[in-house]
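Here is the structure we will look at, set down as structure tokens.
Residue numbers count from 1 along this sequence. Because the structure is predicted, anything quoted here is derived from the model rather than measured.
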Amino acid sequence: MTDYKLEAAKAAVGNIKPGQTVGLGAGATIAYLVDMLAADSALAGSLTFASSSFKTAGLLAGRGLNFKSPAYLNHLEVYFDGCDQFDAQLNALKSGGGIHATEKILASMADEFILLGDTSKFSDKLTTKYPLVIEVLPAALQIVLKTLKDEFSPTSLNLRMSSQKDGALISDNGNLLVDIYFNELPPLSELNTRVKMIPGIVEHSLFYRMASKALIAGPDGISVIIPRHAE
């Protein structure tokens, strides 16, 4: 069987130019991309990398690539990342890894934010299959939960718990993660702003109109998707 994640990574390489500062997210496709770039020593040696992912940062360091913390950068030429689901406007839900706050920072500093994935990730409109994940300051947990119930009922709110220790899962930033399952998604423009404005919420996992294009691998090869609002 064709490994579509590998094919998407191959397509991504063609969008990288010598001398660029490149941001990378997390996941199998990104790991393939790191391996491919490391194999091209001439190209890789000219690049500077940043990542939103602890695991990807380790891969970059292990390959001897030039890595900088995002804290020391204010601009990327391109940022690559996957997602759980994206729509025709390239709105994306990035719910799995719980690192969406840093992912969104890197996406916002990039000239191009390119989504990588396979055709199973696409839906004409975002659905309720995946939760909206919020990162919450610990002291604000109860008031945030109450506000969400009041403003977005009916919803299901689940505090993420650790499987490796007793207690809640703690984000890279020392905060809590809450999954919000909607019966029906509110209008995305409204959801994007209303959730972020609740005091105590650091960031949410909806990437609203941030991606410039998507490279999607499938049975028919690579599709390049441009958001409809950009047409």
[X] versus [Y]: any side-chain heavy-atom pair under 4.5 Å?
X: Ile225; Y: Leu90; result: yes
X: Ser53; Y: Ile30; result: no
X: Val195; Y: Ile134; result: yes
X: Ile16; Y: Leu47; result: yes
X: Lys10; Y: Leu33; result: no
X: Ile198; Y: Arg194; result: no
X: Asn15; Y: Glu77; result: no
X: Leu37; Y: Phe49; result: yes

> Could Asp84 and Lys129 be called an ion pair, given the rule that one side-chain N must be under 4.0 Å from one carboxylate O?
Replying inline: no

When you measure from the side chain of [X] to the backbone N and O of [Y], does any donor-acceptor pair fall under 3.5 Å?
X: His204; Y: Asn192; result: yes
X: Thr21; Y: Leu76; result: no
X: Ser162; Y: Lys165; result: yes
X: Lys94; Y: Gly82; result: yes
X: Ser46; Y: Gly19; result: yes
X: Arg63; Y: Ala39; result: no
X: Gln20; Y: Lys17; result: yes
X: Ser171; Y: Leu176; result: no
X: Thr155; Y: Tyr181; result: no
X: Lys104; Y: Leu206; result: yes

Taking all heavy atoms of [X] and all of [Y], pick out the closest pair and write down the distance.
X: Leu59; Y: Ala31; value: CD1-CB, 3.9 Å
X: Ser51; Y: Pro70; value: O-CG, 3.5 Å
X: Pro131; Y: Ser205; value: O-OG, 4.0 Å
X: Gly96; Y: Arg160; value: O-NH1, 3.2 Å
X: Ala26; Y: Thr56; value: CA-OG1, 3.7 Å
X: Asn175; Y: Val136; value: CB-O, 3.2 Å

Could you grab the distance from atom [atom1] of [X] to atom [atom2] of [Y], nearest 0.5 Å is fine?
X: Ile180; Y: Leu191; atom1: CD1; atom2: CG; value: 7.5 Å
X: Asp81; Y: Leu116; atom1: CG; atom2: CG; value: 8.0 Å
X: Ile226; Y: Ser212; atom1: CD1; atom2: OG; value: 7.0 Å
X: Leu93; Y: Leu185; atom1: CG; atom2: CG; value: 7.0 Å
X: Leu215; Y: Ser223; atom1: CG; atom2: OG; value: 9.5 Å
X: Ser189; Y: Gln89; atom1: OG; atom2: CD; value: 9.5 Å

If hydrophobic clusters are built by linking Ile, Leu, Val, Met, Phe, Trp and Tyr wherever their side-chain heavy atoms come under 4.5 Å apart, do [X] and [Y] end up in the same one?
X: Leu6; Y: Leu24; value: yes
X: Val22; Y: Phe54; value: no
X: Tyr208; Y: Leu115; value: no
X: Leu137; Y: Leu141; value: no
X: Val13; Y: Tyr32; value: yes

> Checking side-chain contact (heavy atoms from CB on, under 4.5 Å) for the pair Ile105/His100: CA distance, chi angles, key distance, verdict?
Replying inline: CA-CA 8 Å; Ile105 290 169; His100 48 271; over 6 Å; no

> Going by the angle between their ring planes, with limits at 30° and 60°, are Phe182 and Phe152 parallel, tilted or perpendicular?
Replying inline: perpendicular

> Should we count CG of Asp150 as having more than 12 external heavy atoms under 6.0 Å?
Replying inline: yes

> Does CD in Glu190 sit with more than 12 non-hydrogen atoms of other residues, nucleotides or ligands closer than 6.0 Å?
Replying inline: yes

Donor-acceptor pair between [X] and [Y] side chains, under 3.5 angstrom:
X: Asp111; Y: Tyr79; value: no
X: Ser123; Y: Asp87; value: no
X: Tyr4; Y: Thr119; value: no
X: Gln85; Y: Thr127; value: yes
X: Asn91; Y: Lys125; value: no

> Yes or no on side-chain contact (heavy atoms from CB on, under 4.5 Å) for Tyr130 and Asp179, after CA distance, side-chain angles and deciding distance?
Replying inline: CA-CA 9 Å; Tyr130 296 97; Asp179 295 328; over 6 Å; no

>> Phe86 vs Phe207, test: side-chain contact (heavy atoms from CB on, under 4.5 Å). Steps then yes/no.
In response: CA-CA 9 Å; Phe86 72 96; Phe207 284 58; over 6 Å; no

>> Applying salt bridge (charged side-chain N to carboxylate O under 4.0 Å, His left out) to Lys196 and Glu203, what does each step give before you reach the verdict?
In response: CA-CA 6 Å; Lys196 186 66 180 289; Glu203 192 53 87; 3.0 Å; yes

> By the rule that ILVMFWY residues connect when side-chain heavy atoms come within less than 4.5 angstrom, directly or transitively, which residues belong alongside Val133?
Replying inline: Leu169, Leu177

>> Could you go through Leu157 and Lys149, starting from their C-alpha distance and side-chain angles, then the distance that decides it, and tell me whether this counts as side-chain contact (heavy atoms from CB on, under 4.5 Å)?
In response: CA-CA 8 Å; Leu157 305 173; Lys149 288 177 182 177; 3.6 Å; yes

